[in-house]
Amino acid sequence: MRKKNLMLSSLLVATAISAGSASIVHGAESQSATAAASAVTFKINDVIYSNNTGKHSLLAAPYVRNGSTMVPVRAAAESLGASISWNNKDRMITLSGKPFGTIKFTLNSSYAVNAKGEKIKLPEQVRQAKGTVFVPARSLAALMGARLQWEPAVHTVTLTSQANTPASLDSNYSFAKDTEGWKGGFADMPTNYNKEIYELDFARSLIPVPNNTSNYGLKLSGHNRSDDLFMYLSKGIEGFKPNTSYNVNLKFAMYTEAGGGSIGIGGSPAESIFLKAGILPSEPLSVPTSSSGEEYYRMNVDIGSQGTGGKDVKVIGNAAKPDVDKEGYQRVAFEYSAKVTANAKGQIFILIGSDSGFEGLTTLYFDDIKVSAKVAD
C-alpha cells in the first residue's frame, strides 16, 4: 500500500449586497424541504444588477463614497423579498419583512431605525441620485439579517437572505433522467496514467440485474494498475444555513458482482475493495500532487489508506455481494452519519468512494442515494 499525501483546499465563496431598480457531469437535483436563498448582486458603477429572476437595469449605478459601498435600497430590498414604502412628507423609506420586522431610512440622514425603535448609526448618509435612494450596503445587510461579501477583483457586492433556511433538509437521488448533479472522479494513480489500461469510466447506466429496463444508477469502473485506486462520487448540496452544524445521514445502494472469499492479485476483488463515505464542508477533489519525485492524483481530503479510514472519510464496508453462490450483480445497502458545519455559502458535500487493494478491474453501480440533515443541538 502506498501512503497518501493529503492537501486541504478551501472553497471560495462570492456573496454580498445590492440595489434599487428603474465537474465532470452535471444534472438536476431533487430535494425536498429546501428553501433557496434570495440573492442580489451589484457591480460598482454599473447600472446592470442580477437577482434570482435574472438581470435588470438601474436608473443610477452603485458607487463608493468615503469607503462605503452605496446600493439602491429598493432593488436590494425587493430582490430579497421585502416590501418597501415611501413617505414623501417625511422623505422616509420603510422596509418590512422577515426576520427583521421594519427598517426606516430617512433621506440625508446618517441614522436608520430598526424594529425596536433603536437608532442605528450609518457610515454614510442616505442619499438620492436620479430618483433612486442609496444606503450603505453593509448597514443594510446587518439590519436585514443578510449575508454580505465584497469581491474586490470584480467590484461586486452581493446580499443573500437567510430568513428561509429550513432546520432540516432531505435530498433523494434515483437518476431516472440524468446524473442529478453528481460527479465522478479517480485518484491514487499517476497523472500520466495510460487511459487504455486503467479503463476509467463514470456514467449514468442501466444497472445490470435481470429484467431491468428502466432502473438507472451511477457506474464507477477502473483497473487498479498502481497498487491503489480510489474511485468516487461527489455532490454539493445547497440550502443550509451558513456556518451552522448539521447532523447528516447518508443512505445508498451499491451493486456489485464480486463474491466474498475470492482471491486476486494484491487482494480480494470483494473484501479488498473498501467502501468509504464522507460528509464535508468543502468539495472533495482529485488533484495533482508530488509524491517521491512523481506526480500522482491524490484527494484533497483525508480518505485514509485502503482498509483504514482518514480524518474526513471513513470505511463503511466492502464490495462483497450478499450471496456468493448467485451469479451477477447484487444490491448492498450502506448507511453513514456524521456531523458537519455548512460552509459560508450554505453548502455541504457528499463523498462516496471505493478504495482498491485489488489489482484488477472493478465495476460498481450506485443508486437510491438519500441524504437527510437536521440542525445539530
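Everything numeric in this text was worked out from a predicted model, so none of it was measured.
- Remark: side-chain polar atoms of Y246 are paired, donor with acceptor, to backbone N or O of K241 under 3.5 angstrom.
- Remark: D90 CG to T106 OG1 distance equals 7.5 Å, nearest 0.5 Å.
- Put simply, V40 and L95 are part of the same group of oily side chains (I, L, V, M, F, W, Y) that touch within less than 4.5 Å, one to the next.
- With D312 contributing its side chain and D302 its backbone, the two residues share a donor-acceptor pair below 3.5 Å.
- Using modelled atom types and a 3.5 Å distance limit, the side chains of T362 and S356 yield no donor-acceptor pair.
- Residues D188 and R298 are in side-chain contact: their nearest non-hydrogen atoms beyond the backbone lie under 4.5 Å apart.
- Listed by chain and residue number, nothing satisfies the side-chain hydrogen bond (donor to acceptor under 3.5 Å, both in side chains) test with S205 (two or more places apart in sequence, or in another chain).
- E295 and S290 share a donor-acceptor pair across their side chains, judged by distance under 3.5 Å alone.
- Here the closest non-hydrogen pair linking I197 and H223 is O-CB, 3.4 Å.
- Other residues, nucleotides and ligands place more than 12 heavy atoms under 6.0 Å from the NZ atom of K121.
- The side-chain hydrogen bond (donor to acceptor under 3.5 Å, both in side chains) test applied to E124 returns R65, N66, R127, not counting sequence neighbours.
- The shortest heavy-atom contact between Q306 and V315 is O-CG2, 4.0 Å.
- V301 and P284 get closest at one heavy-atom pair: CG2-CB, 4.2 Å.
- Put simply, the side chain of Y365 never gets that close to the backbone of Y329: no donor and acceptor are under 3.5 Å apart.
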Exercise for the section: Start with the C-alpha distance between D323 and Q330, add both sets of side-chain angles, then the distance that settles side-chain hydrogen bond (donor to acceptor under 3.5 Å, both in side chains), and finish with yes or no. Expected result: CA-CA 8 Å; D323 188 349; Q330 297 175 27; 5.2 Å; no

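- Between D228 and D355, some side-chain heavy-atom pair lies under the 4.5 Å cut-off.
- L361 and L275 fall into different hydrophobic clusters, where Ile, Leu, Val, Met, Phe, Trp and Tyr side chains are chained together by heavy-atom contacts under 4.5 Å.
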Return all side-chain donor-acceptor pairs below 3.5 angstrom for residues 368-377, not counting sequence neighbours, or 'none' if the list is empty.
from, atom 1, to, atom 2, distance (Å)
D368, OD2, R331, NH1, 3.0
D368, OD2, R331, NH2, 3.1
S372, OG, D170, OD1, 2.9

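- For the pair K235 (side chain) and E180 (backbone), a donor-acceptor distance under 3.5 Å is present.
- Applying the ring pair (Phe, Tyr, Trp, His ring centres under 6.0 Å) test to F334 and every residue at least two apart in sequence or in another chain returns F252.
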Exercise for the section: Would you please test S96 and T102 for side-chain hydrogen bond (donor to acceptor under 3.5 Å, both in side chains) and show each step? Expected result: CA-CA 4 Å; S96 302; T102 61; 5.9 Å; no

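- Put simply, the side chain of K321 gets close to the backbone of K326: a donor and an acceptor are under 3.5 Å apart.
- Two different hydrophobic clusters hold F274 and L229 under the rule that ILVMFWY side chains link at heavy-atom gaps under 4.5 Å.
- Both F100 and V133 belong to a common hydrophobic cluster when Ile, Leu, Val, Met, Phe, Trp and Tyr are linked at side-chain heavy-atom distances under 4.5 angstrom.
- Both L107 and L58 are assigned to one and the same hydrophobic cluster, defined by single-linkage of ILVMFWY side chains at heavy-atom distances under 4.5 Å.
- Counting heavy atoms from C-beta on, the side chains of Y193 and K195 come closer than 4.5 Å.
- In this structure the side chain of T94 never reaches within 4.5 angstrom of the side chain of N87, judged on heavy atoms.
- Residues M231 and F202 form no side-chain contact, since every pair of their non-hydrogen atoms from C-beta on lies 4.5 Å or further apart.
- For the pair K314 and Y336, the cation does not sit on the ring face, since its NZ or CZ is not both under 6.0 Å from the ring centre and inside 45° of the axis.
- Atoms CE and OG, from M144 and S139 in turn, are 13.0 Å apart once rounded to the nearest 0.5 Å.
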Handout entry: Criterion side chain to side chain contact (heavy atoms under 4.5 Å, CB included) on V340 and L280, from CA distance to verdict
Key = CA-CA 6 Å; V340 64; L280 310 163; 5.5 Å; no

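- A donor-acceptor contact shorter than 3.5 Å is absent between the side chain of E199 and the backbone of G222.
- For the side-chain hydrogen bond (donor to acceptor under 3.5 Å, both in side chains) test, residues two or more places apart in sequence or in another chain that qualify with N114 are E118.
- I303 contributes atom CD1, which lies 11.5 Å from atom OG1 of T308 (distance to the nearest 0.5 angstrom).
- For L122 against P136, the heavy-atom pair with the smallest separation is CB-CG, 4.3 Å.
- Inter-residue side-chain proximity for N249 and K251 is flagged as met; some heavy-atom pair is nearer than 4.5 Å.
- Listed by chain and residue number, I207, N212, Y255, D367 satisfy the side-chain contact (heavy atoms from CB on, under 4.5 Å) test with N215 (two or more places apart in sequence, or in another chain).
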Exercise for the section: Decide yes or no on side chain to side chain contact (heavy atoms under 4.5 Å, CB included) for T289 and Y296, but give the supporting numbers first. Expected result: CA-CA 5 Å; T289 307; Y296 275 77; 5.6 Å; no

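- Annotation: side-chain contact (heavy atoms from CB on, under 4.5 Å) contacts of I48 (sequence neighbours excluded): D46, K55, S57.
- Nearest heavy-atom pair across S221 and F186 is O-CE2, 3.5 Å.
- Shortest non-hydrogen contact noted between G259 and V324 is CA-CG2, 3.8 Å.
- By the ring pair (Phe, Tyr, Trp, His ring centres under 6.0 Å) test, F105 is found to be paired with no residue, residues two or more places apart in sequence or in another chain being considered.
- With rounding to the nearest 0.5 Å, the separation of CG in L143 from CD1 in I103 is 4.5 Å.
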Problem - Working for side chain to side chain contact (heavy atoms under 4.5 Å, CB included), residues L285 and N300 - result: CA-CA 6 Å; L285 295 169; N300 64 347; 3.8 Å; yes

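- Listed by chain and number, the residues in a side-chain contact (heavy atoms from CB on, under 4.5 Å) with Y216 are R204, L206 (sequence neighbours excluded).
- T53 is linked by a side-chain contact (heavy atoms from CB on, under 4.5 Å) to N51, H56, counting only residues two or more places apart in sequence or in another chain.
- Contacts of D201 classified as side-chain hydrogen bond (donor to acceptor under 3.5 Å, both in side chains), with partners at least two apart in sequence or in another chain: K219.
- To the nearest 0.5 Å, atoms CD1 (I348) and OG (S245) are separated by 11.5 Å.
- The CG atom of L220 sits 7.0 Å away from the CG atom of L364 when rounded to the nearest 0.5 Å.
- Within the 3.5 Å criterion, the main-chain N or O of P281 finds a donor-acceptor partner in the side chain of N343.
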Practice task
Start with the C-alpha gap between I44 and V64, add the side-chain angles, then the distance that decides, and say whether side chain to side chain contact (heavy atoms under 4.5 Å, CB included) holds.
Solution key: CA-CA 7 Å; I44 301 304; V64 176; 4.1 Å; yes

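- The ring-ring contact (aromatic ring centres under 6.0 Å, His included) pairs that include a residue from residues 62-88 are Y63-F134, where partners are two or more places apart or lie in different chains.
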